[in-house]
Amino acid sequence: MPTFNLKINGKTHTVETDADTPLLWVLRDHINLVGTKFGCGIGQCGACTVHIDGNATRSCLLQVSQIEDAAITTIEGLSEDGSHPVQQAWKEIDVPQCGYCQSGQIMTASAFLNENPNPTNNDIRNAMNGNICRCASYNSIEEAVKVASEKLS
Amino acid sequence: MKDTFSRRSFLKTSALASGGMLIGFNLFNACKSDVKMPVDLSSLNYKDFNAYIKISPEGKVTIYSVNPEIGQGVKTSMPMIIAEELDVAWDDVYVVQAPLDTENFSGQVAGGSQSIRRSWQPLRETGATAKQMLINAAAARWGVDAKTCSAKEAVIYNANGDTLGYGDVVEAAAILDVPEEVTLKDPNDFTIIGKGKGNVDMDKIITGKPLFGLDYKEEGMVYASVLRPPAFGQMLESYDASKAKELPGVIDVITIGEKARTLLSEGKPNWSVKLSTTDKVVVIGKTTWDVIKGKKEITATWKTDSDLESTEDHDEKLLSLLHGKKFRTRRKDGNVKKAFANADKVLERVYESTFLPHNTMEPMNFFANVTEDKVHLVGPTQTPEAAEGAVASMLGRPVEDIHVDLTRMGGGFGRRLYNDYVLEAAEISDAIKKPVKMVSTREDDMATGVYRPASKYKISASIKDGKLTGYHLKEACINGNMYGLIPNFFPAGAIENYQVDSVRLKSNISVGAWRAPYTNFLASAEQSFFDELAEELGIDRVQLHMDLLDNVKKNPDANIEYSPERLQGVLKKVVEVSNWGKTADDVYQGLSVYYCHNTHVAEVADVIMENGFPVVKKVTCAIDCGIVVNPLGAMNQAKGGVLDGIGHALYADFSFKDGVPSVNNFNGYQLIRMAQTPKVDVHFIESDVAPTGLGEPTLPPVGAAVANAIYKATGNRLTKFPYAKYINVEEKIIG
């Protein structure tokens, strides 16, 4: 079986797995970073969102062989202690209900705000539209992204 | 507020070997007389009590939370109630999820929005009792009368100005008798209840720590993926696993089903859920991906065991039942037949809804480790006690052998009331003699699940001399029905001649509870009907409800569960805060008023036309749930329920063709997304009445609020879920 060297949250991890293994399962089952969630497996729900070179990407569709040179950031590496402004905004607004989709929401929001630090409400609604929250905490997510943007600017 | 009750039956305390005090309580059943408290936490077996407060000599408080957490917020709100009466600073409280206790407890369930309502009083009494014991211990040390002492934020005071911390007296308090009488706080003195407290798992959620069932791992654990029949009505005939077994990550391929079949044939499962008794092929592998890949390599043939049903046939049969005579009468007041015979006019409408999958974001999964000594189960279930009992029966083990640990759940919505996936995990571990995690994919979940049953209602009203004289509701539903108190919800009691009848269509499709079972579509049907009825009668929509509720007040009925005063209260409130009837010309408003799960709710939806299509811009919601324990959590539940209700009313489409579901993932099934969401403006009625639940009550009414607003905007009466499919096409093209 081939081995791959992956740069995840600033550290290099060597994993031995099939070349077609999605990054999601490498993170969860091989490296024990379970903050990245499985929701649909077809890139529709956003629960598995990570940053690849800073861009929000669905890890359930990304094969491990495609990303050896990339810098991968997961929710565990977004900040050392939950102090990223997006994480803090989530806490301030008390966003989560069940909480399962929220790491994906936070990863989408943080990559988006990096690109667009002063978004309009419509920008936020469009940027977050790819992430499903089954508890429908959308009003709070929208508000938290706004609060995070204020923290960042 | 003075409250006297017998404590001895359900409270026990103990000094901990490690220092500190442990107080245990049982919410609903008396403890057995020979039950002893453990002397240190390591020996805590959770078999004796339902929940514990642990107080350390440093004054730190640990509260063990009892009920399963599915996102409804009880892991935060229930410990808040204890902490309030115990009188400690919320920041000093650490909350831990307690595992299952099957011996003395009967309510460790997440369902029906009942957790807060049922535990309010016992949780308060528990906190107050612990506080009194700490005061008694301090008074004894000072040699003063305990009545001259008080406590606040973990500090005890006497009349001489002396103080002691809870930690200073906790060891002495632990060996005192449990007081027979304690005083509960005046709600005006609450400092935790009624103040918004953030989710206790917040830090773990936002940093991605392991919390959920899918995150749980043990040394030596393998993964399993289960291949189930693609159609309801099919059974496994044969399979070829040779290709799957060639994959390096696949450990084995086995079949299960015999043990579950025996159990299921004994009629153990829940009321309406008829689970498949087929054999299933299970791929065992080293990782989740290995078993997902392995399953795709299995070739199976299936035999038809019973009818392969289609939605078209269901629709035809349900309508035929609805217009037929095979009904069971659920409630009958006056003489509906006579009222209709004498009517000047009869208004009659049929309302139709589809099956719905639950689609919890965390797919079904469970960990099981079946060994000779014990059976360890870990994962997400709304009914851990039922899971324990079912696994014990299936494996022929005493329940004492089964230990269930609860994880935080990535949603429930009723799906995790049914423990089919727990049985699978246990049967697999029993077969392979290893710890195993059974993992479902989204496709498994959506296409081989349990569903909200498709249902149809026919509602008729008789009108005589411009007045409503009779109301007759008929229901035809797949497998399950309305039952019990539902026919006693509004408008029961408000109309002299009133009747509710129901009939079932038997099906081999597994159906069960889905968030706000019974009412999640019923409310949309009834509250749309009342909108049309008001128009027919030429009465203001709000006035019609006020008048009907006045009728209930004049003719009290012991069977009526809702309060007409409280329903009028939320109606008045929503009229006031929604700007009802006073909005700009291009804003169309729809109203809906409903009572379910012990909570009274009124909602107004504001719709505007955008590019010729109606869009919901805002929903105003007035709620009477008594005291709001945690305003932050309550707001989340209320808003989430409204948006969830809108999403499923407008978009959720799910049908069957020859036993096979029409869609199996989010590319074909539309859940509401942010760009489709209106702002939800929530107003709670101020109240000092004991609290009721919020996990479900805001969902049922919103469908009708939206439909009634869309009617005003388009002239189109919507009677079928999902509404978006039936919104007049001509209207879409205009603009």
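Here is how names work: the chains are called A, B, and so on, in the same order as the sequence lines, proteins then strands, and each is numbered from 1.
Separation of atoms SG (C101(A)) and CD1 (I205(B)) is listed at 9.5 Å; rounding is to 0.5 Å. Atom CG of residue D215(B) and atom OH of residue Y100(A) lie 7.0 Å apart, to the nearest 0.5 angstrom. The structure places CE of M674(B) at 12.5 Å from CD1 of I132(A), a figure rounded to the nearest 0.5 Å. Atoms OG1 and CH2, from T287(B) and W25(A) in turn, are 8.5 Å apart once rounded to the nearest 0.5 Å. Atom CG of residue L643(B) and atom SG of residue C133(A) lie 9.5 Å apart, to the nearest 0.5 angstrom. The line from CG of N636(B) to SG of C98(A) is 11.5 Å long, rounded to the nearest 0.5 Å.
Of the two parts of K217(B), only the side chain, counted from C-beta on, holds a non-hydrogen atom closer than 4.5 Å to a non-hydrogen atom of chain A. Looking at Q102(A), the atoms closer than 4.5 Å to chain B (heavy atoms on both sides) all sit in the side chain, from C-beta outward. For S140(A), the part lying near chain B is the side chain, with the backbone staying farther off; criterion is any non-hydrogen pair under 4.5 Å. Heavy-atom distances place the side chain of D18(A), and not its backbone, under 4.5 Å from chain B. For V95(A), the part lying under 4.5 angstrom from a heavy atom of chain B is the backbone only. I646(B) does not touch chain A: none of its heavy atoms, backbone or side chain, sits under 4.5 Å away. Only the backbone of I70(B) comes within less than 4.5 Å of a heavy atom of chain A; no side-chain atom from C-beta onward does. For L78(A), no part lies near chain B; criterion is any non-hydrogen pair under 4.5 Å. If you measure heavy-atom distances from L33(A) to chain B, you find no contacts under 4.5 Å at all.
Counting non-hydrogen atoms of other residues, nucleotides and ligands closer than 6.0 Å to CD of E68(A) gives a total above 12. No more than 12 heavy-atom neighbours from other residues, nucleotides or ligands sit within 6.0 angstrom of CD on E115(A). Within a 6.0 Å sphere centred on CG of N5(A), other residues, nucleotides and ligands contribute more than 12 heavy atoms. In this structure, K151(A) places its NZ atom where more than 12 heavy-atom neighbours from other residues, nucleotides or ligands lie under 6.0 Å away.
A heavy-atom distance below 4.5 Å is not found between the side chains of W289(B) and L24(A). T207(B) places none of its side-chain heavy atoms less than 4.5 Å from the side chain of I75(A). In this structure, Q44(A) and R442(B) have side chains that are not in contact, with every pair of non-hydrogen atoms separated by 4.5 Å or more.
Taking both residues in full, the closest heavy atoms of G99(A) and F212(B) are given as C-CZ, 3.7 Å, listed atom of the first, atom of the second, then distance. When all heavy atoms of N665(B) and I42(A) are compared, the closest pair comes out as CG-CD1, 3.4 Å. Listed here is the closest heavy atom pair of G39(A) and P363(B): O-CG, 4.4 Å. Across all their heavy atoms, F38(A) and S440(B) have their closest contact at CE2-O, 3.6 Å.
Between K209(B) and E76(A) there is no salt bridge, since no side-chain nitrogen of the basic residue lies less than 4.0 Å from a carboxylate oxygen of the acidic one. Ion pair K286(B)/D29(A) not flagged as a salt bridge, since none of the NZ, NE, NH1 or NH2 atoms sits closer than 4.0 Å to an Asp/Glu carboxylate oxygen. Note on D94(A) versus K197(B): no salt bridge recorded, every NZ/NE/NH1/NH2 to OD/OE distance being 4.0 Å or above.
Counting only N and O atoms by type, the side chains of N199(B) and K91(A) include no donor and acceptor under 3.5 Å apart.
A distance-only check finds no donor-acceptor pair linking the side chain of R673(B) to the backbone of R125(A) [under 3.5 Å]. Side-chain atoms of D644(B) never come within 3.5 Å of backbone atoms of C135(A) as a donor-acceptor pair (strictly under, hydrogens ignored). Under the 3.5 Å distance criterion, the side-chain polar atoms of R134(A) are left unmatched by any main-chain donor or acceptor of T360(B). Panel note: side chain N139(A), backbone P678(B); a donor-acceptor pair is recorded below 3.5 Å.
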Would Q97(A) and Q72(B) count as a side-chain contact (heavy atoms from CB on, under 4.5 Å) here? Give the steps. CA-CA 7 Å; Q97(A) 290 181 40; Q72(B) 83 283 44; over 6 Å; no
Begin with the C-alpha distance, continue with both residues' side-chain angles, and end with the deciding distance and a verdict on side-chain contact (heavy atoms from CB on, under 4.5 Å) for M361(B) and K37(A). CA-CA 9 Å; M361(B) 283 308 285; K37(A) 300 301 190 210; over 6 Å; no
Please lay out, stage by stage, how I206(B) and H84(A) fare under the test side-chain contact (heavy atoms from CB on, under 4.5 Å). CA-CA 10 Å; I206(B) 61 174; H84(A) 188 283; over 6 Å; no
